[in-house]
Participant: 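Got a structure for you, questions after.
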Amino acid sequence: MYNFDFYTPTRVAFGKGTESRLIGLLNEFGGRKLLVHYGGGSVIRSGLLGRVQAMLDEAGFDYVMLGGAVPNPRLSLVYEGIDLCKKENVDFILAVGGGSAIDSAKAIGYGVANEGDVWDFYDRKRQATACLPIGVILTLSATGTEMSNSSVITKEEGWIKRGYGNDICRPKFAIMDPTFTMTLPDYQTACGCTDIMMHTMERYFTNGGNMEITDSLAEGLLRTVKENAKILIKDPQNYDARAEVMWSGSLAHNNLTGCGSDGGDWMPHQLEHELGGLYDVAHGAGLAAVWGSWARYVYKDCLPRFRKFAVNVMGVAEEGTDEEIAIKGIEAMESFYHEINMPVNLRELGINPSDDDLALLAHKCYVAQGGPRGSAKPLDESDMLEIYRMANK
Ligand code: NZQ
Ligand code: ZN
């Protein structure tokens, strides 16, 4: 095993009715002039934003509002948010919504607290040294950004989607009421479950440092999300299933399921980020669409892990060779994706890239990594292209 740091400073208020904790948490963490940041309007339609405003008004908080964070949140809105915060002397950002609103809030927080162009951090040119404090009211279980150190932003010029990780953006608090996720379209629920599982699978399929305790946590989380995703397809109002998935989402990406390993593989995510940047697809669906092709391309180089996954997560019988068991695990995962109406290739994802498009995707992906990447199997540009080709059916 490798040495590790485990740092999760976010205070989580979890369960029904926890929105009533908002004012107490804001007082605890010191926000006086707030930016309330949200997405395209789901929090208006659900009534959540109105209730938040009422609580802020009653408690005498000064705040400004900025909506419009779209899935694959855009850099242009981040710049707008930075200008607004500077003009209004904002000292705390409250993000209300899914991962896109929260990631956009983190980027705005960096932009206000550091000189220069905020994109530099996403472009790996320099490190942020500060971030405005962030609080979160989560409405979509998926990204884990409510507890994570990362945010993912898309620059419209060139449609470049990049992630940036830094502990200083970890939210001060996260209010997580599973009932908020009951208004989600089924597609977004399934995308979320896919993303949650992938955050743990990225950490699981590695060739370095794996620990039994971490594996046990990871496998338990994966089985839990798999079973509850199936429940939610049939019964979207099931509170317990919503709660299982919501808490799993945070644990999947606060690195609990990565302690001791070499940091994870992360190539399915990198391959998806290029699809999200160029085709604006939902992140979870993009992950499902490339995962099977990635897995078939790399599994022989990470066979013990794929075998273990097949048996302990997908319930494959221990019959046949290790390779046969591993392949059955991959097939079972794809069957699960279909069961929750997720795509397993680019056609099912709804895109039809040409050969030139695939080459562009692979090139951008390689450039974004700054070289070969992956732990299950390190991939260079030609490997990435081959995986996109395999997925393009
Ligand atoms: O924009 P609104 O109107 O709020 O609608 C959203 C959006 O259309 C809707 N929605 C959210 N909560 C809802 C709801 N609709 C009804 N009821 C609710 N309770 O769902 C749609 C998707 O929302 P979005 O925030 O985009 O989804 P998600 O949470 O999956 O975030 C996706 C973004 O996060 C990035 C992704 O790449 C993508 O850009 N990621 C961020 C990570 C991180 N910061 O650690 C890690 C992930 O791997 C991922 O890359
Ligand atoms: Zn993800």
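Indexing begins at 1, ligand by ligand and atom by atom, following the structure's order.
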Participant: Does an N or O from H253, backbone or side chain, lie closer than 3.5 Å to an N or O of ligand 1?
Facilitator: yes

Participant: Would the distance check show the side chain of S375 and the main-chain N or O of G264 forming a donor-acceptor pair, the cut-off being under 3.5 Å?
Facilitator: no

Participant: Can I get a per-line list of side-chain donor-acceptor pairs under 3.5 Å for residues 337-344, giving both atom names and the distance, sequence neighbours left out?
Facilitator:
unit_1	atom_1	unit_2	atom_2	d
H338	NE2	E348	OE1	2.9
H338	NE2	E348	OE2	3.3

Participant: Any salt bridge linking D355 with R389? Criterion: basic side-chain nitrogen under 4.0 Å from a carboxylate oxygen.
Facilitator: no

Participant: Please report which non-hydrogen protein atom sits nearest to atom 32 (C) of ligand 1, along with the residue it belongs to and the distance in Å to one decimal place.
Facilitator: S100 OG, 3.7 Å

Participant: Excluding waters, how many protein N/O/S atoms sit closer than 2.8 Å to the Zn ion (ligand 2)?
Facilitator: 4

Participant: Could you identify the single nearest non-hydrogen protein atom to atom 30 (O) of ligand 1 and state the distance to 0.1 Å?
Facilitator: A142 CB, 3.7 Å

Participant: For atom 27 (O) of ligand 1, what is the nearest protein heavy atom, given as residue, atom name and distance?
Facilitator: L140 CD1, 3.2 Å

Participant: Provide, to 0.1 Å, the distance between atom 22 (C) of ligand 1 and the closest protein heavy atom, together with that atom's residue and name.
Facilitator: Q188 OE1, 3.5 Å

Participant: Is the shortest N/O to N/O distance between K106 and ligand 1 below 3.5 Å?
Facilitator: no

Participant: Check the surroundings of atom CD in E157: do more than 12 heavy atoms from other residues, nucleotides or ligands lie under 6.0 Å from it?
Facilitator: no

Participant: Give the single entry among T143, T183, V152, T179 that approaches atom 16 (C) of ligand 1 most closely by any heavy atom.
Facilitator: T183

Participant: Side chain or backbone, does G99 bring an N or O within less than 3.5 Å of an N or O on ligand 1?
Facilitator: yes

Participant: Please state which part of S150 comes within less than 4.0 Å of ligand 1, counting heavy atoms only: side chain, backbone, both or neither.
Facilitator: both

Participant: Within the structure, is a non-hydrogen atom of L184 found at a distance of less than 4.0 Å from ligand 1?
Facilitator: yes

Participant: Identify which of S42, P71, G67 has a heavy atom lying nearest to atom 15 (N) of ligand 1.
Facilitator: S42

Participant: For S151 and ligand 1, answer yes if some heavy atom of the residue is under 4.0 Å from a ligand atom, otherwise no.
Facilitator: yes

Participant: Do D357 side-chain atoms and S354 backbone N/O form a donor-acceptor pair below 3.5 Å?
Facilitator: yes

Participant: Give the residue, atom name and distance (to 0.1 Å) of the protein heavy atom nearest atom 50 (O) of ligand 1.
Facilitator: H273 NE2, 3.1 Å

Participant: Give the C-alpha distance, both sets of side-chain angles, the deciding distance and a yes or no for side chain to side chain contact (heavy atoms under 4.5 Å, CB included) between R203 and N255.
Facilitator: CA-CA 8 Å; R203 293 171 164 92; N255 209 34; 2.9 Å; yes

Participant: Looking at ligand 1, is there an atom of it that comes within less than 4.0 Å of some heavy atom belonging to S148?
Facilitator: yes

Participant: I need the contact type for M198 against ligand 1. Using non-hydrogen atoms and a strict under-4.0 Å cut-off, is it side chain, backbone, both or neither?
Facilitator: neither

Participant: Who's the nearest protein heavy-atom neighbour of atom 47 (C) of ligand 1, and how far?
Facilitator: H199 NE2, 3.4 Å

Participant: Ignoring angles and geometry beyond distance, decide whether G144 reaches within less than 3.5 Å of ligand 1 through its nitrogen or oxygen atoms.
Facilitator: no

Participant: Using a plain distance cutoff, I'd like to know if G40 has any nitrogen or oxygen under 3.5 Å from a nitrogen or oxygen of ligand 1.
Facilitator: yes

Participant: Quick one: do D91 and R32 make a salt bridge, cutoff under 4.0 Å?
Facilitator: no

Participant: Provide, to 0.1 Å, the distance between atom 12 (N) of ligand 1 and the closest protein heavy atom, together with that atom's residue and name.
Facilitator: T139 OG1, 2.8 Å

Participant: Side chain of S104, backbone of S100: donor and acceptor closer than 3.5 Å?
Facilitator: no

Participant: Give the contacting part of F180 toward ligand 1: side chain, backbone, both or neither, where contact means a heavy-atom distance below 4.0 Å.
Facilitator: backbone

Participant: Does the pair D177/R21 count as a salt bridge with the N-to-O cut at 4.0 Å?
Facilitator: no

Participant: Is there a donor-acceptor pair closer than 3.5 Å between any side-chain N or O of N228 and the backbone N or O of I231?
Facilitator: no

Participant: Looking at ligand 1, does any of its N/O atoms fall within less than 3.5 Å of an N/O of V43?
Facilitator: no

Participant: Strictly distance-based, threshold 3.5 Å: is any side-chain N or O of Q188 a donor or acceptor partner for the main-chain N or O of P185?
Facilitator: no

Participant: For the salt bridge (charged side-chain N to carboxylate O under 4.0 Å, His left out) test, which of E272, E274, E156 pairs with K161?
Facilitator: E272

Participant: Checking S293 against N345 for the side chain to side chain contact (heavy atoms under 4.5 Å, CB included) test, could you report, in this order, the C-alpha distance in whole Å, the side-chain angles of both residues, the deciding distance, and whether it holds?
Facilitator: CA-CA 8 Å; S293 299; N345 56 47; over 6 Å; no

Participant: Between R373 and E202, does any NZ, NE, NH1 or NH2 come within less than 4.0 Å of an OD or OE carboxylate oxygen?
Facilitator: no

Participant: Applying a 4.0 Å heavy-atom criterion (strictly less than), which segment of M182 is in contact with ligand 1: side chain, backbone, both, or neither?
Facilitator: neither

Participant: Do V298 and F205 have side chains that get closer than 4.5 Å, going by heavy atoms?
Facilitator: no

Participant: Is G192 close enough to touch ligand 1? Criterion: a residue heavy atom under 4.0 Å from a ligand atom.
Facilitator: no

Participant: Say whether E272 and ligand 1 are in contact under the criterion: heavy-atom distance to a ligand atom below 4.0 Å.
Facilitator: no

Participant: Identify, for atom 37 (O) of ligand 1, the protein heavy atom at the shortest distance, and state residue, atom and that distance.
Facilitator: K161 NZ, 2.8 Å

Participant: Check the orientation of H199 and W266. Use parallel for under 30°, tilted for 30 to 60°, and perpendicular for over 60°.
Facilitator: tilted

Participant: Is K16 positioned over the aromatic face of Y239, cation under 6.0 angstrom from the ring centre and no more than 45 degrees off axis?
Facilitator: yes

Participant: Heavy-atom distance to atom 41 (C) of ligand 1: which of D103, L48, L49, I44 wins?
Facilitator: D103

Participant: Any ion pair linking K328 and E331 (charged N to carboxylate O, less than 4.0 Å)?
Facilitator: no

Participant: Could you see which bit of V70 sits under 4.0 Å from ligand 1, with heavy atoms only: side chain, backbone, both or neither?
Facilitator: neither

